[in-house]
Amino acid sequence: MSSIKHYLQFKDLTADEYAYLLGRAAHIKKKFKAFEKYQPFADPDRTLAMIFEKASTRTRVSFEAGMYQMGGSVVHLTTGDSQLGRAEPIEDSARVISRMVDIVMIRTFEQQKIESFAAHSRVPVINGLTNEYHPCQILADIFTYNEYRGDIRGKVVAWVGDGNNMANTWLQAAEVLGFTVHVSTPSGYGIDTAVAGVKNTACYKTFKDPREACRGADLVTTDVWTSMGFEAENEARRKAFAQWCVDEDMMRLAKPDALFMHCLPAHRGEEVSAEVIDGPQSVVWDEAENRMHVQKALMEYLLLGHLT
Ligand code: CP
Ligand code: NVA
């Protein structure tokens, strides 16, 4: 079972594998835009099981539409409508589900749950978001950066906001792909670098003032103040994060051609102003669409390997 390739964290793939994947994603996107059929999962038919223990719009639509476009099939499970919600052990669920499908995508709470699932799965498992990481999103973000500005190596990404799953994954991406993240979080909401799982301290720099984190950045990015699963902290977070709203003043401190990204869903007037997310530097809609293209490339790679 150990030879199966999973995608549970961004650092599960190397820089060379990312170079290949990003190239494939561009190739697959081009076919999609040209209305050209590309169905490597049609014969034999491949099935994706998607397990959602948290809400989703983009992850569900991008995986489901992507799999159908590639000629495969999809099974959709949630906690509420499966035995997962009635305490069937995750290991047993993995043993059963992975005998019937070819690949599994999971969105859940603790990373440990997806790690346990993967350890007992006969097929590749993809992380569709956990409390700790969101690798598919950062893969789409890097692809989007490449489309607009080319290679991200050596660039500066400003992270303004919560030290959450997105922030952890940006740090891993910086370590794997060779760029720097300028992190500014309110006190008490910083990144735990042990959880982020980065060894190279040169890949990130922390700033008390979010404006200083944005100064000279090539890309400014943020996320909701309260992630799924942390709703009980909503009020405390609203107060703590009040100064961590990416607005036009912050964007003016970044490079003149800096991009703005947000994984979405967004709360205008909280972590980002309407002027910024709906403004000329924002690439959030491309980011969302690119989830589908990069995930098609990812599923192709995990199921069919490196194609020539
Ligand atoms: N960005 C993202 O993962 O969106 P959803 O929660 O809608 O899937
Ligand atoms: N950090 C957010 C991302 C949502 C896509 C969350 O975990 O809810």
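All residue numbers refer to positions in the sequence shown, counting from 1. In each ligand, atom 1 is the first atom listed, and ligand 1 is the first ligand listed. Since the structure is predicted, the reported quantities are computational estimates derived from the model, not experimental observations.
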If we only consider heavy atoms of Leu264, is any one of them less than 4.0 Å away from an atom in ligand 2?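 Leu264: in contact with ligand 2 (<4.0 Å).
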Regarding ligand 2, does [X] bring an N or O atom to under 3.5 Å of one of the ligand's N or O atoms?
X      : value
Lys54  : no
Thr226 : no
Asp223 : yes
Met166 : no

Would you please classify the geometry between the [Y] ring and the [X] ring as parallel, tilted or perpendicular, with 30° and 60° separating the classes?
X      : Y      : answer
His306 : Tyr301 : perpendicular
Phe10  : Tyr18  : parallel
Phe207 : His182 : tilted

Contact atoms of ligand 1, heavy-atom distance to [X] under 4.0 Å:
X      : result
Leu264 : 1 (N), 2 (C), 4 (O)
Thr57  : 5 (P), 7 (O), 8 (O)
Arg291 : 1 (N), 2 (C), 3 (O)
Cys263 : 1 (N)

Can we say [X] and [Y] salt-bridge, meaning some charged N sits less than 4.0 Å from an Asp/Glu carboxylate O?
X      : Y      : answer
Arg237 : Asp162 : yes
Glu300 : Arg46  : no
Asp257 : Lys255 : no
Arg215 : Glu212 : yes
Lys33  : Glu289 : yes
Lys29  : Glu147 : yes

Contacting atoms of ligand 2, where contact means under 4.0 angstrom from a heavy atom of Asn164: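 Listed by number with element: 1 (N).
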List ligand 2 atoms under 4.0 Å from Met228, heavy atoms only on the residue side.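 Within the 4.0 Å cut-off of Met228, ligand 2 contributes 6 (C), 7 (O), 8 (O).
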If Ile, Leu, Val, Met, Phe, Trp and Tyr residues are connected whenever their side-chain heavy atoms lie under 4.5 Å apart, and connections chain through other members, are Leu48 and Val104 in the same group?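 Cluster IDs for Leu48 and Val104 differ.
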Which protein non-hydrogen atom lies closest to [atom], naming both residue and atom, and how far is it?
atom                   : answer
atom 7 (O) of ligand 2 : Asn165 ND2, 2.8 Å
atom 4 (O) of ligand 1 : Arg58 NE, 2.8 Å
atom 4 (C) of ligand 2 : Leu129 CD1, 3.9 Å
atom 6 (O) of ligand 1 : Arg107 NH1, 2.8 Å

Please confirm whether His134 comes under 4.0 Å of ligand 1, counting heavy atoms of the residue only.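 Per 4.0 Å heavy-atom rule, His134 contacts ligand 1.
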Hey, does the side chain of Gln172 reach the backbone of Ala196 with a donor-acceptor pair shorter than 3.5 angstrom?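 Side chain of Gln172 to backbone of Ala196: a pair is present.
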I want to confirm something. Looking only at heavy atoms, which of Ala167, Ser227, Cys136, Gly161 is nearest to atom 6 (C) of ligand 2?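 Nearest option to atom 6 (C) of ligand 2, by heavy atoms: Ser227.
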Using a 4.0 Å heavy-atom cut-off, which part of Asp162 comes near ligand 2: side chain, backbone, both, or neither?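 Contact part for Asp162 vs ligand 2: neither.
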Looking only at distances, can you tell me whether any N or O atom of Arg60, backbone or side chain, sits closer than 3.5 Å to an N or O atom of ligand 1?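 N/O-N/O distance below 3.5 Å does not exist for this pair.
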Does atom CZ (Arg149) have a neighbourhood of more than 12 heavy atoms from anything else shown, all under 6.0 Å?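 Correct, the count exceeds 12.
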